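Working notes for the structure below.
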Amino acid sequence: MIQLAEKLGSRQATAAVIGLGYVGLPLAMEVAKAGFNVIGIDVDQNKINALKQSKSYILDVPESTLTTQIKSGRFTATADFSALAKADTVSICVPTPLSKSRDPDVSFILSATEQIRKYLHAGQLIVLESTTYPGTTDELIVPELENSGLKVGKDFFLAFSPERIDPGNTSFNTRNTPKIVGGITAQCTEIARLFYSQFIERVIPVSSSKCAEMVKLLENTFRSVNIGMVNELAQMCDLLGVDVYEVIDAAATKPFGFSAFYPGPGLGGHCIPIDPHYLAWKLKALNFQARFIGLAAEINGMMPTFVANLVADGLNRNSKSIRGSRIMVLGVAYKKNVSDCRESPALDVMRILSDKGAILSYNDPFVPSLRFGGNVLKSSVFTPTEIGQYDCVIILTDHTAYDFRQIVGAAKLVVDTRNSTKELHEFKDRIIKLGAGNNVRSAPDHVDEHVLSNGELSTH
Ligand SMILES: NC(=O)c1ccc[n+]([C@@H]2O[C@H](COP(=O)([O-])OP(=O)(O)OC[C@H]3O[C@@H](n4cnc5c(N)ncnc54)[C@H](O)[C@@H]3O)[C@@H](O)[C@H]2O)c1
């Protein structure tokens with residue numbers, strides 16, 4: 001341990017990162033910037049080829065950073081796992097999706113661990129960063145690595161440290177987002193803390209890997225449940241004739257005890273729609289029903305249909321149906337200013353509308369082409385005149401590049417799911433905003449009559 005601690009403290013260590021995606025590549029860059037030698041490993045040869053040519057496929061990693069780290073020799077990319085033989089630390093950043101039956105798919109973690117076991121040596125630190133269910137690190141990784149004959153906490157060190165990166169966030173990045181670490185033993189925690197504190201401003205140790213795994217799931221379940229709650233509130237406001245955004249913003253003036261969450265067309269990305277299911281799955285095996293997780297997933301999962309209904313309502317106002325209408329979707333990435341379309345609710349909204357016979361086009365400055373319904377669609381460039389030719393424009397992702405005043409000014413009908421038209425009062429008649437009183441429902445008439453047993457009506 002002393003030797004590894006010295007190498008980490010003096011930044012003489014070689015760090016490997018397995019999985020060079022949204023999480024792994026920014027992490028690898030940060031470690032290299034701190035002065036470590038970094039070996040990036042990925043099974044995707046296209047990514048390795050791109051990196052070798054200093055081409056970045058992650059918006060948050062500028063090509064200039066990549067070029068500097070490659071030129072200095074501090075970062076190399078490879079698909080060859082034998083490079084792990086030289087590594088003092090190994091960070092695992094592989095995907096953790098759901099299977100077709102919506103159960104955790106930990107096969108990527110297992111396959112990365114198998115490779116690590118082949119090259120495991122005394123004095124190595126292994127850290128799992130992929131989001132997963134509580135217990136993964138000690139139940140799956142420890143036995144596999146100990147098959148090598150080496151003992152955790154004695155010969156090698158193992159910890160879980162959840163990645164908290166928020167792609168597209170210009171204020172918080174790998175370096176200034178506090179990092180949680182929980183090891184299998186106290187020594188594992190300490191050595192992992194020492195590693196991360198070389199390139200992350202604040203590192204918070206917790207008592208176990210299971211606790212660290214649970215921290216990440218609390219964070220993502222918290223978001224999923226709160227988004228589910230405001231999505232339901234948006235539906236309530238739609239019926240009541242109140243603008244949900246005005247309600248939330250006014251409530252957010254309370255300086256304590258309230259956190260603002262906003263409604264939208266549904267959940268997207270690789271984290272919030274997926275991670276809570278990892279927790280619910282684990283609890284199911286213990287005969288415990290995670291009810292908030294289930295309810296939030298149900299409400300959030302209904303939002304694309306809710307949006308499609310708003311489109312139908314808007315077209316109905318103009319005596320049109322979805323079938324045969326030309327509809328322009330603005331933004332298909334799952335959130336603002338990113339290119340990631342994984343689990344994007346835009347795809348669900350598009351599928352519902354396409355099934356009902358809409359003629360769809362889309363625009364997204366970050367997504368030049370999109371695989372949809374067995375075809376490849378291309379992002380349509382549009383001018384104000386062209387926007388006016390669509391029967392409906394749906395704002396699904398509020399990328400900063402969009403000039404909403406110009407778009408709405410030219411459009412016949414706009415369905416706004418992101419409050420992007422907040423200021424555009426002069427165009428109010430052509431805008432349908434999610435959660436703003438589009439379906440005000442009057443209470444059913446109350447007839448104060450009872451049917452008597454002889455069939456006659458008695459009125460009180
Ligand atoms: N994207 C986010 O915003 C985010 C934030 C926090 C945590 N996470 C978690 O981090 C993990 C990684 O997510 P991501 O978004 O970076 O995924 P990603 O798909 O962008 O990247 C994963 C990379 O791992 C590679 N890979 C797959 N199997 C491999 C293997 N056996 N060996 C080597 N490389 C392999 C893939 O080719 C890919 O390049 C997931 O568990 C995710 O839940 C993601």
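Note that the structure is a prediction, hence the values are computed from the model and not measured. Remember, it's 1-based here, ligands and their atoms both numbered in the order they're listed.
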Any nitrogen or oxygen of [X], side chain or backbone, less than 3.5 Å from one on ligand 1?
X    : answer
E129 : no
S111 : yes
Y22  : yes
R164 : no
Y334 : no
D340 : no
C271 : no

Identity of the nearest option to [atom], non-hydrogen atoms only, from [options]:
atom                    : options               : answer
atom 11 (C) of ligand 1 : V94, D44, D42         : V94
atom 33 (C) of ligand 1 : I165, V338, I18       : I18
atom 21 (O) of ligand 1 : S130, G24, G21        : G21
atom 24 (O) of ligand 1 : G168, P162, G19, A112 : G19

[atom] - nearest protein heavy atom and its distance:
atom                    : result
atom 28 (N) of ligand 1 : F108 CD2, 3.4 Å
atom 10 (O) of ligand 1 : V23 CG2, 3.4 Å
atom 13 (O) of ligand 1 : H270 CD2, 3.5 Å
atom 17 (O) of ligand 1 : R342 NH1, 3.5 Å

Can you spot which of N226, D249, N419 makes a side chain to side chain donor-acceptor pair (under 3.5 Å) with Y262?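 Looking at N226, D249, N419, the match for Y262 under the side chain to side chain donor-acceptor pair (under 3.5 Å) is D249.
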With a 4.5 Å limit on heavy-atom distance, are the side chains of [X] and [Y] in contact?
X    : Y    : value
F108 : T96  : no
D88  : F36  : no
L140 : L110 : yes

Less than 4.0 angstrom from a charged side-chain N to a carboxylate O is my criterion; do R193 and E190 meet it?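 Salt bridge flag = yes for E190 with R193.
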Should the pair R164-E219 be classified as a salt bridge under the 4.0 Å nitrogen-to-oxygen rule?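 Between E219 and R164 there is a salt bridge, with a charged N closer than 4.0 Å to a carboxylate O.
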State which residue, out of N309, I431, I327, L310, fulfils the side chain to side chain contact (heavy atoms under 4.5 Å, CB included) condition with V415.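 Only one of N309, I431, I327, L310 forms a side chain to side chain contact (heavy atoms under 4.5 Å, CB included) with V415, namely L310.
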Pairs meeting criterion salt bridge (Lys or Arg N to Asp or Glu O under 4.0 Å) with involvement of residues 347-356, two or more places apart: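 Checked against salt bridge (Lys or Arg N to Asp or Glu O under 4.0 Å) - neighbours excluded - the pairs reaching residues 347-356 are D348-R351.
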Report the part of Y57 (side chain from C-beta onward, or backbone N, CA, C, O) that has a heavy atom under 4.0 Å from ligand 1; answer both or neither where that applies.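 None of Y57 does.
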Check step by step if ring pair (Phe, Tyr, Trp, His ring centres under 6.0 Å) holds for Y22 and H270. CA-CA 10 Å; Y22 289 92; H270 188 25; 8.7 Å; no
Any heavy atom of K216 sitting closer than 4.0 Å to ligand 1?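 It does; at least one heavy atom falls under 4.0 Å.
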What class does the angle between the rings of H399 and Y402 fall in, given that below 30° is parallel, 30 to 60° is tilted and above 60° is perpendicular?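 Tilted, since the angle between the ring planes falls between 30° and 60°.
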